[in-house]
Amino acid sequence: MNKIYQIYQILYKKYGPQGWWPFINYEGTNENKQGSAQGYHPLDYSFPRDTDEVFEVCIGSILTQNTSFASVVKSLHALNSRAALRPKALKEMDPDTLKLAIRPSGYYNQKALYIREFLSFFEALDGAVPSRKELLAVRGIGEETADSILLYGYNQPEFIVDAYTKRILLELGMIDKKARYRDIKMFIQESLKKNIKDEKELLRVYQEYHALLVNHAKLFYSKKPYAKGCFLKEQFR
DNA sequence: AACCAGGACGTGA
DNA sequence: TCACGTCATGGT
């Protein structure tokens, strides 16, 4: 068993199933979940349950760029209260109203543009699963956002590498500080593939692992100096 | 009152 | 490719 998989086991045992992605209209979703051991919809992998929920993951993924998810939830509720958390309705919303609704998430001018660009792309898909390459061609969708959409919106086995992931692995001495997104992603994916042969299981691990890393990072890697009290670091260095 | 948050993009070396 | 500035609100 390699280190990457060991860390997963430890985090899962510690925090339990996280049940990402959070959906604002799902009763089990705890919006105030913050570094807790409580998941959003733990062990329920039936998500997203319809096209609107796929869309919600996409919009949420764009809005959460360099922004806390608590702020994103406000924006999603603002859209939802206007019945605009659906492609058709959102497309009919005028730009200024959209900006106002997503204002809590910051960068509202950019993100409003990104969302409008994504809308056209999403409608053209007509229910099909987008390729990673296609997603990356959409303005405002970079590697992390693309992987977020694919992993949680379309149940595709694409591991998400975010700032927390880099920070934790760097602190544990497992990656170089100059490591690129691709490098880290492949390192993690290849490590997990060596231990997990079942594709369905691999997908769930990708989904849970990223959620676990975020949860863990919120507890030990938010404020500098990082890793104070981190039990992973005590065990792996 | 700085500092950070579940990044992406444009620009000039 | 790479380093850096810009985008912005809200919580601690």
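Worth knowing before you read on, the calculation uses all heavy atoms, side chains too, and leaves out hydrogens, waters and symmetry mates. In what follows, chains are A, B, ... by sequence order, proteins preceding strands, each numbered from 1.
- The aromatic rings of A/Y206 and A/F159 stand perpendicular to each other, their planes meeting at an angle above 60°, with 30° marking the opposite boundary.
- Side chains of A/E208 and A/Y15: no donor on one and acceptor on the other come within 3.5 Å.
- The gap from the P atom of C/dG5 to that of B/dC4 amounts to 16 Å, rounded to the nearest Å.
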Can you give me the N/O atom pairs linking the protein to nucleotides 3-5 of chain B at distances under 3.5 Å, or say none if there are none?
| from | atom 1 | to | atom 2 | distance (Å) |
| --- | --- | --- | --- | --- |
| B/dA5 | OP1 | A/R167 | NH1 | 2.8 |
| B/dA5 | OP1 | A/R167 | NH2 | 3.1 |

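- Rounding to whole angstrom units, CD of residue A/Q18 and C1' of B/dG6 are separated by 13 Å.
- Each of A/S71 and A/R180 was assigned the nucleotide of DNA chain C with the nearest heavy atom; the assignment lying further toward the 5' end belongs to A/R180.
- Relative ring orientation between A/Y5 and A/Y8 is described as parallel, the plane-to-plane angle staying below 30° on a 0-90° scale split at 30° and 60°.
- Applying the salt bridge (charged side-chain N to carboxylate O under 4.0 Å, His left out) rule to A/K194 yields no partners; only residues at least two apart in sequence or on another chain are considered.
- In this structure, NZ of A/K111 is placed 11 Å from C1' of B/dG6, rounded to the nearest angstrom.
- Look at the P atom in both C/dT6 and B/dG6: the space between them is 24 Å, to the nearest Å.
- Taking the C1' atoms as reference points, B/dA2 lies 16 Å from C/dA8, given to the whole Å.
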Which atom pairs, one a donor and one an acceptor, fall under 3.5 Å between side chains of residues 179-186 of chain A and the rest of the protein, sequence neighbours left out?
| from | atom 1 | to | atom 2 | distance (Å) |
| --- | --- | --- | --- | --- |
| A/Y181 | OH | A/D147 | OD2 | 2.6 |
| A/Y181 | OH | A/V161 | N | 3.2 |
| A/D183 | OD2 | A/R180 | N | 3.1 |
| A/K185 | NZ | A/D147 | OD1 | 3.1 |
| A/K185 | NZ | A/D147 | OD2 | 3.2 |
| A/K185 | NZ | A/E158 | OE1 | 2.5 |

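- Between A/K178 and A/P104, the residue anchored nearer the 5' end of DNA chain C, judged by the nucleotide with its closest heavy atom, is A/K178.
- Listed by chain and residue number, nothing satisfies the side-chain hydrogen bond (donor to acceptor under 3.5 Å, both in side chains) test with A/S81 (two or more places apart in sequence, or in another chain).
- The aromatic rings of A/F122 and A/F55 lie tilted to each other, with the angle between the two planes from 30° to 60°.
- Between chain A and DNA chain C, the heavy-atom contact criterion of under 4.0 Å yields a 5' to 3' nucleotide range of C/dC2 to C/dG11.
- By the 4.5 Å heavy-atom criterion applied to side chains, A/R132 and A/L136 are counted as neighbours.
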- What string of B, S and - do you get for nucleotides 8-13 of chain B, 5' to 3', if B is base contact, S is sugar-phosphate-only contact and - is no contact with any protein heavy atom under 4.0 Å? SSS---
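- Between A/W21 and A/Y152, the angle of the ring planes lies from 30° to 60°, which puts this pair in the tilted group.
- Of the N and O atoms on the side chains of A/T67 and A/K111, at least one donor lies less than 3.5 Å from an acceptor on the other residue.
- A donor-acceptor pair shorter than 3.5 Å can be found between the side chains of A/N155 and A/Q207.
- Across all strands shown, A/A163 has heavy atoms under 4.0 Å from sugar-phosphate atoms exclusively, and none from any base.
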